[in-house]
Undergrad: 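Have a look at the structure that comes next, please.
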Protein chains: 2
Amino acid sequence: MLVSPNPQKTSVHATSESVDDYLKAILELGGSEEALVTTNALAERLGIRTPSVTGMLQKLSSERPTLVHYEKHRGVRLAPAGKRRAWELVRHHRLLERFLHDVLKYSWDEVHEEAERLEHFISERFEDRVAAILGDPEIDPHGHVIPHKYAQGMFRNEVELARWPLRTPATITSVSDRNAASLREIERLGLKPGVTVTIEDVNSSGSLCVRLPGQMDVVRMNKNLAGSIFVTATP
Amino acid sequence: MLVSPNPQKTSVHATSESVDDYLKAILELGGSEEALVTTNALAERLGIRTPSVTGMLQKLSSERPTLVHYEKHRGVRLAPAGKRRAWELVRHHRLLERFLHDVLKYSWDEVHEEAERLEHFISERFEDRVAAILGDPEIDPHGHVIPHKYAQGMFRNEVELARWPLRTPATITSVSDRNAASLREIERLGLKPGVTVTIEDVNSSGSLCVRLPGQMDVVRMNKNLAGSIFVTATP
DNA sequence: ACACTGAATTAGGTTAGACTAAAATATTAT
DNA sequence: ATAATATTTTAGTCTAACCTAATTCAGTGT
């Protein structure tokens with residue numbers, strides 16, 4: 001029944017799956033300072049061509065009330081309504097990951113894909129009930145903070161392990177969920193959020209030697225992997 | 001990310017939400033004898049206009065391997081691939097209803113809408129895990145049989161209460177889930193699947209007087225309500 | 001056999017969201 | 001300051017799925 005698609009969406013603006021994806025990408029690429037996001041960056045992130053992005057941004061920004069503010073040749077940022085929907089999607093995604101992991105026994109590397117698909121379609125009731133049976137969880141399986149309902153989330157002060165200083169203890173706060181193979185490798189190495197690590201050495205190609213507490217042997221990882229692990233200073 | 005939509009679908013044919021809806025409607029309207037379903041009937045069921053249906057049927061039936069067999073001016077029926085996907089959707093729908101009701105504590109009348117939306121998007125893994133935590137349920141909250149995985153379901157020998165003979169005990173096997181208001185009324189009257197009823201009287205406008213076992217007073221219901229309750233002979 | 005009626009199809013149009021190729025604008029390097 | 005390069009936008013297509021208006025077809029009744 002396609003007459004009125006997704007009639008249950010919380011936000012006022014009926015957003016398509018596609019628009020949802022743009023909004024979430026703008027949120028994530030803009031980061032805490034809500035910087036202008038470029039056409040290129042969006043095209044890259046969404047796996048589509050730049051003219052498609054330009055077209056969509058023109059369309060979105062010409063609708064009133066608008067989801068985004070678009071400045072031709074400069075970039076785009078979220079308007080209030082767009083920010084609301086984007087954070088709602090982030091909440092959906094992270095709640096779903098927690099749910100899939102804890103209730104449906106999905107493994108670490110399986111949750112992202114399913115959550116990415118379902119986040120667009122669950123109703124507010126579904127969101128509420130899942131949160132309730134999980135006891136309003138704060139953190140998803142990869143260490144990301146689950147924003148509160150109707151609330152703007154926040155960006156943590158975390159940085160890629162790849163650019164952390166040598167011999168300075170760091171605590172893993174989260175890992176990127178966007179690559180299942182990386183996640184399996186990270187799990188194998190015991191690098192869950194909460195674990196404290198110290199970089200012993202970096203070689204010319206960006207490979208790291210990392211020491212974990214209570215383990216004799218160091219762990220080796222390539223640049224790419226170290227780029228999907230996020231850390232902060234150990235208190 | 002819209003590059004390859006619904007890449008997880010079990011069936012070989014990547015079916016859109018819209019095609020899914022056609023397949024399910026053809027299955028349900030065709031019934032156990034898999035009768036040809038008319039353009040009109042489909043348009044009515046899907047809430048769209050007949051030319052849209054003709055166009056879709058032409059498109060679908062020209063694809064190889066085909067999901068449907070379409071005979072111009074006569075009607076359409078499911079081809080094997082279409083039947084597989086349609087039953088898969090029915091399984092998704094009924095499993096989801098059971099899950100929403102039992103785990104997420106949705107009420108009887110709330111499950112249909114959510115299941116109708118999500119049935120298109122859950123992966124095979126989701127289906128399997130939900131079935132597992134529910135203990136492979138046989139029946140959904142409205143009394144419908146949940147088909148087995150990969151299996152063709154079956155149509156029960158049930159008939160609308162509205163056309164059951166007078167003073168002949170009948171057992172409720174299922175109730176239609178397509179109207180939330182009717183469901184609330186049915187629940188209020190205590191007419192759950194499994195309950196045995198006897199029609200005492202029918203008036204000229206089709207209203208029924210129904211007696212429930214162990215209750216003194218009879219229950220009154222209109223024709224419409226009696227059309228969404230399905231019964232079989234009491235053994 | 002033929003006209004009538006209802007059902008179905010054809011013809012042509014719309015919108016959303018993608019695409020390619022070409023043009024325009026910005027940025028960087030000399 | 002200007003040329004070279006990279007980014008972005010414009011112009012024009014395409015597909016999926018819907019729409020309305022007009023036409024054709026099939027079945028029924030005389």
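Throughout, a chain's letter reflects where its sequence line sits, starting with A, and its residues are numbered from 1. Because only heavy atoms are used, hydrogens play no part in the values below, and waters and symmetry mates are left out as well, while side chains stay in.
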Undergrad: Are OP1 or OP2 of dA18(C) and a side-chain N or O of R49(A) less than 4.0 angstrom apart?
TA: no
Undergrad: Could E116(B) and K24(B) be called an ion pair, given the rule that one side-chain N must be under 4.0 Å from one carboxylate O?
TA: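 A salt bridge is present here (some side-chain N lies under 4.0 Å from a carboxylate O).
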Undergrad: Where the side chain of Q58(A) is defined as all heavy atoms beyond and including C-beta, which of dT9(D), dA18(C), dA8(C) is the nearest nucleotide?
TA: dT9(D)
Undergrad: Does Y22(B) place a side-chain N or O at less than 4.0 Å from the phosphate oxygens OP1/OP2 of dC18(D)?
TA: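 Checking Y22(B) against dC18(D): at least one side-chain N or O falls below 4.0 Å of OP1 or OP2.
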Undergrad: Do any side-chain nitrogens or oxygens of S52(A) fall under 4.0 Å of OP1 or OP2 in dA18(C)?
TA: no
Undergrad: Decide, yes or no, whether a salt bridge links R45(A) with E28(A) under the criterion of side-chain N to carboxylate O below 4.0 Å.
TA: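 Salt bridge between R45(A) and E28(A), a charged N being under 4.0 Å from a carboxylate O: yes.
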Undergrad: Mind checking T39(B) for me? I need base, sugar-phosphate or nothing, with any heavy atom below 4.0 Å counting as a touch.
TA: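 Contact class for T39(B): sugar-phosphate only.
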Undergrad: Is K59(A) near enough to dG17(C) that one of its side-chain N or O atoms lies under 4.0 angstrom from OP1 or OP2?
TA: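 So the side chain of K59(A) is within the cut-off, an N or O lying under 4.0 Å from OP1 or OP2 of dG17(C).
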Undergrad: List the atom of T173(B), the atom of R156(B), and the distance in Å for their closest heavy-atom pair.
TA: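 In terms of heavy atoms, the two residues are closest at O-NH2, 3.1 Å.
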Undergrad: Taking the nucleotide of DNA chain C with the nearest heavy atom to each, does E63(A) or H73(A) sit closer to the 5' end?
TA: E63(A)
Undergrad: Distance check: side-chain N/O of T50(B) vs OP1/OP2 of dT9(C), anything under 4.0 Å?
TA: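 False: T50(B) side-chain N/O out of range (4.0 Å or more) of dT9(C) OP1/OP2.
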Undergrad: dA18(C), OP1 or OP2 - any side-chain N/O from S18(A) closer than 4.0 Å?
TA: yes
Undergrad: Does OP1 or OP2 of dA8(C) have a side-chain N or O of N40(B) closer than 4.0 Å?
TA: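 Indeed, a polar side-chain atom of N40(B) lies that close.
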Undergrad: Check R117(B) with E114(B), please: is the shortest side-chain N to carboxylate O separation under 4.0 Å?
TA: yes
Undergrad: Do any side-chain nitrogens or oxygens of K72(A) fall under 4.0 Å of OP1 or OP2 in dT25(C)?
TA: no
